[in-house]
Amino acid sequence: MHQGIMKAWLESSHLNGANSTYVEEMYEAYQEDPESVSADWRAVFDNLPPVNGASSDVPEAAHSKIRDYFRSLATEGRHKGAARVSDPEVDAKQVKVLQLINAYRFRGHQNANLDPLELWKRDKVAELDPAFHGLTAEDMQREFNTGSFDHGGETMKLADLLNSLKATYCGSIGAEYMHITDTEEKRWIQHRLEPTLGKASYDQKVKHRILEGLNAAEGMEKYLGAKFPGAKRFSLEGGDTLVPMLREIIYRAGDAGTKEIVIGMAHRGRLNVLVNILGKRPAELFDEFAGKHHDNLGSGDVKYHQGFSSDFETPGGNVHLALAFNPSHLEIVNPVVMGSVRARQDRRGCTDGLQVMPITIHGDSAITGQGIVQETFNMSQTRAYKVGGSIRIVVNNQVGFTTSNHQDVRSTEYSTDIAKMVQAPIFHVNADDPEAVAFIAQLAVDFRNTFKRDILIDLVCYRRHGHNEADEPSATQPLMYSKIKKHPTTRKIYADNLINQQSISAEEVTAMVNDYRDALDKGDCVVKEWRPMTLHTVDWTPYLNREWDEVYDATVPLEHLKELASKISDVPEGFKLQSRVEKIYSDRKSMAAGEKLLDWGAAETLAYATILELRKRVRISGQDSGRGTFFHRHSVLHNQNDGTTYLPLRNVADKQGPFDINDSVLSEASVLAFEYGYATAEPEGLGIWEAQFGDFANCAQVVIDQFLSSGEQKWGRLCGLTMLLPHGYEGQGPEHSSARLERFLQLCANHNMQVCVPSTPAQVYHMLRRQVVRPMRRPLVVMSPKSLLRHPLAVSSLEELAEGTFQNVIAEVDSLDPTKVDRVVFCSGKVYYELLERRRKENIDNVAIIRIEQLYPFPHEELAKVLADYQHVKDFVWCQEEPQNQGAWYCSQHHFWTAIPKGAQLSYAGREASAAPACGYPELHTHQQESLIISALNLK
Ligand code: AMP
């Protein structure tokens, strides 16, 4: 490598202490894998000039070529007027110029003009000053090679280069992308930013479109403010540019062939987006402000949580828009949106993400404050959850409710730093420069579609009013709000600009304002691109107004079941199973042949096979779903010889539904939210989220409370998701015993969901099939077993699968004489087998045991039938393993009381109330378990 260059490298801050052989070796290593060298070295190598005029898109030149290139520069001086690189001092300067370019690419955003209020106090970045690199005023007029800087010719005067760098990287756009390791992605971004110096040049049509967007955004808020003074609307004002920005994104997406966009956002600016993007009729919104109630909905929700759907016409084609319903819990809607997008992509057979795109809109405090955001980034490239990238917009109004001091809100420079974990590019944009925003919006769509990865736009704006309209922000942000009071609106700034450019007249601007206000007065849709929905690909009407006890036919003939069972126990020739798995599969063969009764795993797997045969999708997601936490499922088989996998359930029939079984990322909240989103966008098939242990669902409590249990009531959105929550007291301690049944039961009302505790393989088979075959789509919460997976009594015959349906109540199974019975024990789940075994052992014939397999909706009619034989009994007991304050006792007691004969008593047999779900000492557990069995069976 040329000595002059080398010397300069060695002397520069990046290269201290290096030697030439070392550098050469390093360069070779870089060529093999850029990640193998440190970031500093990578930056230097990334900026080596292209060889022989090769464009920056050409892969890195070989080391020898780079060396030859430097040699040729030294001997020939390639460009007239170029600095003579044979001069070691000039060579050193050339490297420093490359470092200056690099500094702007890395850190220009820190001195960019991002804050419309100009309140940000940012330190000067020393590296952006040529003097820092030893470049002098004299050098300013000298020509240097511009390396990979994608503007002008191969050489430029340093003064011009500096201006170009400043324009590109320190204007209204702060580009953060040099943390990306993929050179192609970085070059792509440079290629988009640098040739135009980060500026779009829009024609009149686009400029007017942007102004119309701003006009609508501002007009809407002003109108609402005047018509409903003091009413909460979480105004967008200050962040008005969001509206033209979304429009540009939709236009661009339409051009690229996008068919559907799902948008997730919190309350700020939502009414504006609903009316000005989605095309919700203002009259409808005004009705909501007036507090009118729609009888066809359940309990409803406030207007700034409502979703909406419409089609939007773009020159490239219509795009279906769906704004997801959301609760107040800010960021939680993001994984829901991703799930909804993935469902739509799967339905369309779209594997590259191009047809369906998510847009998520975040607040600056929430995106960095809430861990669910990190979870969604982590999911964004995984097989089961990727959606081809999300466009994430931060409406950065610099204040979260009343907290704006960065020292209180976050520990990072920007709220968007979290995105660096997936190397997403981040563009901070001054919202008062709407053309820059539009430019970045278009870039974002193209980047996402090209690289199928997340991209962030940090829309730096402000909040003109308080957190809501009843709030007084100057109490806590006096300086900011005195500035805001004097600050002109973005619409005004932009309109004045266009008037100055003579792109529009002042009269036309005034007419635009008046026309928009008149349109609101009329109350009709104000989005001219709005079209009635034709593009969404699913019809929910067959699932509307259905009930859980609707009669359905789900029988599968015995012979066919046998065939299926045999097929899914087959493994390809030469596929070597692990010995324990082999035993399970050979047992399944015997079960298929009718030689053995089916265990849990076999029956559950058979249920999936029958659903797949109906050409419906089965999607199972959970931390260990492929194998099953307790080694019972083995839906994904691993060849012990070569590690390849085989999924018998993908080989059920020539034409079958897709079988997706996913070992999930180690998260509950985002995965459950994703699956909720998936299930609310896909009524066909079976969607399951499985917890490793039931109580891990605690981590997803927001999803359970805010979406699963109440989404239909609040928003009329159906969801047929099944949750499998391992539950049962087996002495494993407080954290592995309870799925917190009581919490689910407490959430039950209006037949919002089903809570089941199946106790046999036939029951799990019928329960899963019922969830698909019956047209009702409501969440199914299952207390699923652990030890029952292998309990010798928890087995079923193929006949039991072939005949019958899910039994919500299971009557006494032994042939007791009902007239002798003087006590009836109700129970659910595993404790049943303990009661049964003990009763048999003790030869008790006066205690009947009845299983309640569905605790909600409570099966009154079926229980009444079962109790017909016991109308003389006065002594009824509810037996549970859980402590008294937990389990079903308090939440379901009123149902038991209704079911038992008049005058009869109901008592409790179970653990004493406890703050912890279970004890930690096995000995104590055994003692407690024994006591509750004794108490239930009335043993002395
Ligand atoms: P979307 O594709 O989400 O925009 O939905 C289009 C239309 O389908 C909506 O306007 C609803 O009428 C209906 N729809 C979508 N999802 C659901 C759901 N989960 N439950 C009931 N209806 C739905």
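All heavy atoms count here, side chains included; hydrogens, waters and symmetry mates do not. In this chain, residues are counted from 1 in sequence order. Atoms within each ligand, like the ligands themselves, are counted from 1 in listed order.
- Arg778 has a carboxylate O that lies under 4.0 Å from a charged side-chain N of Glu712, or vice versa, which qualifies the two as a salt bridge.
- For Tyr856 and Trp548, the ring centers are positioned 6.0 Å apart or more.
- For Pro779, the side-chain contact (heavy atoms from CB on, under 4.5 Å) partners at least two apart in sequence or on another chain are Leu708, Met753.
- For Leu354, the side-chain contact (heavy atoms from CB on, under 4.5 Å) criterion is met by Asp352, Asn449, Lys452, not counting sequence neighbours.
- Applying the side-chain contact (heavy atoms from CB on, under 4.5 Å) test to Ser235 and every residue at least two apart in sequence or in another chain returns Glu221, Arg233, Glu237, His465, Glu469.
- Counted by atom type alone, Ser621 and Tyr385 present one or more donor-acceptor pairs between their side chains at under 3.5 Å.
- Around ligand 1 you find Ser309, His320, Ala322, Arg344, Met533, His536, Trp540, Thr680, Gly716, Arg717, Leu718, each with a heavy-atom distance below 4.0 Å.
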